[in-house]
Each structure stands twice: as structure tokens, then as C-alpha cells.
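Only one structure is covered here, and it is reproduced in the block below.
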Amino acid sequence: MKKIVFLSDIDGTLVTRDISLPPSIRQAVKDFQSAGGLFSLCTGRSLIATQSIAQELNPNLPCIVYGGAALYDFKENHYLWMQSFHHDEILEPIRIVYEKFPDISIQVLTEDHIYVIRRNNRLNLRGIAIENEGPIENIASIRGHILKIVMCGDSREDLSACRIFFSEKHAIFAFSSKYFVDIVPKGAGKAEAIRRLSELCGIPLSDFHAAGDGMTDMPMLKLAGFSYAPQNALDEVKKSVSMIVPGVLQGGIAEALSHSKKIMEGQI
């Protein structure tokens with residue numbers, strides 16, 4: 001029996017800000033792994049924000065974190081790979097946004113710290129809570145490998161205008177939702193990280209199954225041999241996947257895992 005790798009996004013796919021992980025998903029992951037499947041997470045979250053979900057689901061492959069800027073092994077507690085910005089190429093664009101767009105929040109995520117440079121109401125209401133707990137810090141205080149930048153605001157036009165400050169030679173600028181932008185280093189991203197995970201575990205991308213709900217999940221969904229989107233996903237995402245499952249509030253990824261298990265066992 002061939003092995004299948006199941007990759008799942010977290011926010012909007014496994015959980016929302018308002019609900020915790022449904023027991024049905026925990027059981028579905030256990031059943032999938034017991035049948036020989038390999039389960040992993042592929043998320044835009046930082047390491048610290050992914051840790052609690054990883055502890056609940058016990059992935060048996062390294063996880064993709066920071067929007068594809070790093071691979072982290074939660075069993076061994078160490079990074080296997082990361083792609084980071086050079087400080088001299090990314091700090092100046094951050095300063096420009098800070099000065100020109102006072103209504104845009106800015107978070108800078110390194111391998112072991114989250115620098116909250118500025119908050120706004122949208123970040124407080126819709127951001128990942130654990131990534132928004134620290135004090136306000138200044139840009140000059142940033143240390144370590146910068147893996148991702150998160151910006152949000154009430155004006156999509158202002159967020160779009162920030163794109164020009166981040167050179168395509170150094171950065172990948174993408175909307176993760178209508179009012180949130182993720183910026184990761186060139187050479188990172190979910191597609192690149194999945195290719196590296198495929199090489200690491202020696203399983204072809206055709207045997208990867210993936211689930212996601214947002215635009216930053218599209219590279220992962222397109223590369224996978226089979227793909228799922230919850231009913232609450234963006235329309236463009238739903239049009240691109242192999243199968244639509246019930247929404248995140250209904251724990252639809254449990255159904256996706258069961259379906260992938262049947263494929264792996266030759267029942268479908």
C-alpha cells in the first residue's frame with residue numbers, strides 16, 4: 001500500500017478564531033496515521049502559534065510554518081530548513097510602510113520571536129491572538145532571522161499600495177485574506193516548502209493530499225495530487241480543488257481525511 005501525505009492549513013481550515021479543534025478531526029488524524037498515512041501542517045502561523053495544534057494532532061512529518069519559510073520537526077523540536085530575509089533588504093521597506101501608512105499594523109516574525117511594531121483594531125479582532133500578545137517594539141530592536149511579515153488594515157487599497165516597497169527580487173507579497181497581507185522571502189512559500197518536504201520524505205507530490213481555504217494555500221493545492229477545500233473557502237479556491245467538504249465549523253477536514261484514507265487503502 002502506498003503512503004499518502006496529508007497536508008492541512010490551520011486557520012479557516014482546521015479551526016477559526018472562535019472555535020477550538022473539533023474532536024472528530026483529532027480522531028480522523030489518528031485513524032489516518034494508524035492506516036499508514038503521514039499527516040503534516042502547512043500554515044502561515046509562526047512556530048509558537050502552531051505548537052498547540054501540533055501537540056493536539058501529533059503530526060508524523062515535519063510541518064511547514066511561516067507561510068512556507070521554514071520546515072519544523074515538532075517531534076525533535078528543531079528547524080530542518082528556513083529561508084529568511086537579509087535585514088538590509090527588508091528593514092527599510094518596513095520603515096517606509098510604518099511612516100507612510102499609520103493605519104496599517106505590522107508584525108515581524110523571526111524564528112523565535114514575534115515583533116509587534118504596530119497594532120490596529122483589525123489585528124486585535126482578527127489576528128492570531130498568540131502572535132499579538134507582546135509589547136510594541138521598534139524596528140531597530142529586531143534581531144534574528146526574519147521569516148515573515150504580516151500587515152493588516154481596513155483599506156485594501158492602502159495594503160495594495162505597499163507592494164511597491166517590497167522588491168520582487170527579495171520578497172513574495174500576497175494577500176492571505178481581504179485585509180491581511182503576508183510577505184515571505186523569495187525562495188520561500190508553500191509551494192517551495194512542499195517540494196522540500198517531498199524530497200525529505202521521499203514521497204512524490206502526486207501522493208500528497210492537501211486542504212486549505214485561502215489564496216496563500218493555492219500553490220499547495222495546485223501541487224498536490226488531490227486537494228480539498230472547506231465550504232467556507234474563497235470561491236476561487238473551491239473552484240480549483242478536487243473535492244469540497246463541510247465547512248470549518250462542521251469539522252469538514254475529518255471527512256477529507258477519511259476520504260484520503262480510503263484512497264490510500266484502495267477503497268476508492
>> If I compare all heavy atoms of R118 with all of I104, which pair ends up nearest, and what's the gap?
In response: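 Nearest pair, atom of R118 first, then I104: NE-O, 2.9 Å.
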If the condition is side-chain contact (heavy atoms from CB on, under 4.5 Å), which residues does [X] pass it with, not counting sequence neighbours?
X	value
S177	F180
N60	Q33, L38, F39, K75
P230	D213, N232, A233
S258	K262

Residues that [X] engages under ring-ring contact (aromatic ring centres under 6.0 Å, His included), provided they are two or more places apart:
X	value
F85	none
Y72	F74, Y79
F166	none
H145	none

Listed pairs under 3.5 Å, donor-acceptor, residues 199-207 side chains, sequence neighbours left out:
unit_1 : atom_1 : unit_2 : atom_2 : d
D207   : OD1    : K2     : NZ     : 3.2

> About how many Å separate CD1 of I149 and OH of Y66, when rounded to the nearest 0.5 Å?
Replying inline: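 The OH atom of Y66 sits 13.5 Å away from the CD1 atom of I149.
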>> Quick check for you: to the nearest 0.5 Å, what is the distance between H87 atom NE2 and T110 atom OG1?
In response: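 Going from NE2 on H87 over to OG1 on T110, the span is 8.0 Å.
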Validation row: [X], [Y] side chains within 4.5 angstrom (heavy atoms):
X	Y	result
E111	L147	yes
F101	F165	yes
Q107	L123	yes

> How would you list, by chain and number, every residue that makes a side chain to side chain donor-acceptor pair (under 3.5 Å) with Y115, sequence neighbours excluded?
Replying inline: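 By the side chain to side chain donor-acceptor pair (under 3.5 Å) rule, Y115 matches no residue at all.
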> What residues, two or more places apart in sequence or in another chain, satisfy side chain to side chain donor-acceptor pair (under 3.5 Å) together with R122?
Replying inline: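 So R122 forms a side chain to side chain donor-acceptor pair (under 3.5 Å) with D154.
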Any side-chain donor paired with an acceptor under 3.5 Å for [X] and [Y]?
X	Y	result
E137	H113	yes
N120	D103	no
Y228	S260	yes

Tell me which donor-acceptor pairs under 3.5 Å the side chains of residues 238-253 have, and how far apart each pair is, sequence neighbours excluded?
unit_1 : atom_1 : unit_2 : atom_2 : d
K238   : NZ     : Q231   : O      : 3.0
S240   : OG     : V237   : O      : 2.8
S242   : OG     : S227   : N      : 3.1
S242   : OG     : S227   : OG     : 3.4
Q250   : OE1    : G247   : N      : 3.4

>> Assess whether a salt bridge exists between K190 and D9, defined as any Lys/Arg side-chain N lying under 4.0 Å from an Asp/Glu carboxylate O.
In response: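 Between D9 and K190 there is a salt bridge, with a charged N closer than 4.0 Å to a carboxylate O.
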> Is the shortest distance from a Lys or Arg side-chain nitrogen in E192 or R196 to a carboxylate oxygen in the other one below 4.0 Å?
Replying inline: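 Looking at R196 together with E192, the answer is yes, because their closest N to O distance falls below 4.0 Å.
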> Checking salt bridge (charged side-chain N to carboxylate O under 4.0 Å, His left out) for the pair K186/E168: CA distance, chi angles, key distance, verdict?
Replying inline: CA-CA 7 Å; K186 191 76 171 179; E168 292 183 359; over 6 Å; no
> Does Y179 have R126 sitting over its ring (NZ/CZ under 6.0 Å from centre, angle to axis within 45°)?
Replying inline: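 No, cation not above the ring by the 6.0 Å, 45° rule.
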